[in-house]
Amino acid sequence: MTDTTKQVREHYNATNLTSRIKLALATITAEDQTLRVDQLAPLDQFHTRGILATAELAAAAQVEPSTRVLDLGCGIGGPARYLAATFGCKVTGVDLSPAFIDAATYLTARCGLSDRVAFQVGDALHPPFEDEVFDAVFLQHVAMNVADRAALYAEVHRLLTPGGRFATYDLVLRDGDVVYPAPWAQDASTSFLLSDGVTRTALEEAGFKAVLWRDDTQAALEWFKAAMTGPPPSGPNLGIVIGPEFAAKTSNLARNIRENRLGVLSAVLIRY
């Protein structure tokens with residue numbers, strides 16, 4: 001594991017995360033009650049536009065019950081649980097953070113989805129799987145933490161079956177300096193943003209062909225506006241995961257997008 005990878009893992013090292021989630025959930029339901037995926041969405045969808053973005057990307061990727069899915073950088077498992085609950089498919093989640101994997105496993109059990117979703121600690125650049133074992137790989141707001149983008153995309157290509165689908169939802173670099181701290185990095189030392197053009201070139205060089213390439217920046221702006229002008233969310237939310245800097249980091253992300261420092265990209269690509 002490189003020094004940069006260790007820094008990224010430390011950034012997502014949430015102390016006593018599962019215990020804090022349990023306490024927060026106790027305010028809305030008893031421990032022995034099964035949770036619904038939509039109940040957890042404000043808490044476990046760690047990316048811009050939340051579960052809306054996950055749903056759109058999954059539809060575009062044409063996930064089916066037989067699809068074997070890998071969620072790289074799965075966080076606490078929100079997208080993986082959504083995919084399993086919605087489509088009946090089996091999903092494997094991998095994340096650098098042991099705290100995230102522990103929380104993901106707990107929440108999946110609470111949702112009654114442990115027979116379809118499994119998690120393990122791992123590095124996106126060295127995923128512990130054989131070649132061509134997944135039909136779809138999801139990567140949502142993860143690539144900006146990976147310095148060697150060519151190696152990342154090569155690993156995704158290796159893991160996918162021929163014709164398999166790579167669904168990625170990413171922040172891309174636009175104009176001006178990015179304002180930190182942000183949800184994925186305290187400063188530029190662990191932030192490796194690329195423009196949409198450079199991203200597409202890297203993906204094509206890795207052996208992918210785009211079937212969806214969509215600028216979702218305006219949709220993200222509208223989502224942030226609604227979130228900031230509406231009533232505060234009730235129940236557990238991402239603040240539990242991100243910690244005390246949640247408001248500042250989220251505000252900076254919205255500012256980066258609003259001031260055209262960052263854009264938001266949705267893409268589905270075929271592995272050939």
Side-chain angles (χ1 to χ4, degrees), residues 7-17 20-21 23-25 27-28 38-57 73-79 82 95-97 99-100 103-104 107 139-146 168-193 215-266:
Q7 284 181 274
V8 172
R9 184 171 66 176
E10 183 60 30
H11 176 75
Y12 295 109
N13 182 25
T15 304
N16 298 322
L17 179 59
R20 289 189 282 113
I21 288 173
L23 285 174
L25 290 175
T27 65
I28 62 171
D38 62 292
Q39 279 180 295
L40 293 175
L43 168 71
D44 65 12
Q45 299 281 334
F46 199 172
H47 48 266
T48 310
R49 297 184 66 234
I51 198 169
L52 296 173
T54 299
E56 290 176 5
L57 199 63
C74 63
I76 63 171
Y82 171 84
D95 200 277
L96 272 177
S97 169
F100 281 10
L107 290 170
L139 190 82
Q140 297 191 80
H141 283 26
V142 173
M144 63 273 200
N145 278 136
V146 180
T168 180
Y169 182 61
D170 214 350
L171 294 173
V172 292
L173 200 58
R174 290 279 178 82
D175 298 316
D177 295 331
V178 175
V179 179
Y180 297 97
W184 71 95
Q186 287 296 119
D187 53 47
S189 67
T190 54
S191 181
F192 307 101
L193 295 152
D215 183 350
D216 276 339
T217 306
Q218 186 58 41
L221 285 171
E222 292 170 0
W223 180 79
F224 271 118
K225 182 178 179 181
M228 291 177 174
T229 58
S234 59
N237 60 52
L238 268 174
I240 298 168
V241 182
I242 297 177
E245 291 187 286
F246 171 61
K249 289 179 175 179
T250 304
S251 178
N252 283 343
L253 174 55
R255 176 185 171 186
N256 284 318
I257 296 172
R258 187 174 62 250
E259 296 179 355
N260 200 38
R261 300 166 190 262
L262 295 177
V264 181
L265 169 70
S266 291

| R261: side-chain hydrogen bond (donor to acceptor under 3.5 Å, both in side chains) partners, not counting sequence neighbours | E259
| said: Run L43 and I76 through side chain to side chain contact (heavy atoms under 4.5 Å, CB included) and show every step you take. | reply: CA-CA 9 Å; L43 168 71; I76 63 171; 4.1 Å; yes
| said: Can you confirm whether the side chains of Y12 and N145 place a donor and an acceptor under 3.5 Å from each other? | reply: yes
| said: Around atom CG of D177, are there more than 12 heavy atoms from other residues, nucleotides or ligands closer than 6.0 Å? | reply: no
| note | Of T27, I21, L23, the one forming a side chain to side chain contact (heavy atoms under 4.5 Å, CB included) with L25 is I21
| message | Quick one, F224 with L253, criterion side chain to side chain contact (heavy atoms under 4.5 Å, CB included). Give me CA distance, side-chain angles, the key distance, then yes/no. | response | CA-CA 9 Å; F224 271 118; L253 174 55; 3.8 Å; yes
| query | Donor-acceptor pair, D95 side chain versus G75 backbone, under 3.5 Å? | reply | yes
| request: Give a yes-or-no answer on whether the side chains of H47 and T54 include a donor-acceptor pair shorter than 3.5 Å. | output: yes
| If only atom types and distance count, is the side chain of N237 paired as donor or acceptor with the main-chain N or O of P42 below 3.5 Å? | no
| note | Interatomic distance, SG@C74 vs CZ@F46, rounded to 0.5 Å, equals 12.0 Å
| message | Let me confirm one number: the CG-OH distance from N256 to Y180, rounded to the nearest 0.5 Å. | response | 7.5 Å
| said: I'd like to know if the side chain of W184 pairs up with that of S191 as donor and acceptor (distance under 3.5 Å, no hydrogens or angles considered). | reply: yes
| query | For T15, does its backbone N or O pair with a side-chain atom of R20 as donor and acceptor, under 3.5 Å? | reply | yes
| said: Can you classify the ring geometry of H141 versus Y169 as parallel (below 30°), tilted (30 to 60°) or perpendicular (above 60°)? | reply: parallel
| field | Flag side-chain contact, heavy atom, 4.5 Å: L265 against D216 | value | no
| remark: Applying side-chain hydrogen bond (donor to acceptor under 3.5 Å, both in side chains) to D215 and not counting sequence neighbours gives R174, T217
| query | Passes side chain to side chain contact (heavy atoms under 4.5 Å, CB included), F100 versus V241? Steps please. | reply | CA-CA 9 Å; F100 281 10; V241 182; 3.7 Å; yes
| said: Using the side-chain hydrogen bond (donor to acceptor under 3.5 Å, both in side chains) criterion, which residues pair with T250? Sequence neighbours excluded. | reply: none
| field | Residue pair E56 / S266, side-chain donor-acceptor N/O under 3.5 Å | value | no
| task | Report yes if the side chains of H11 and T190 come closer than 4.5 Å at any heavy-atom pair, otherwise no. | result | no
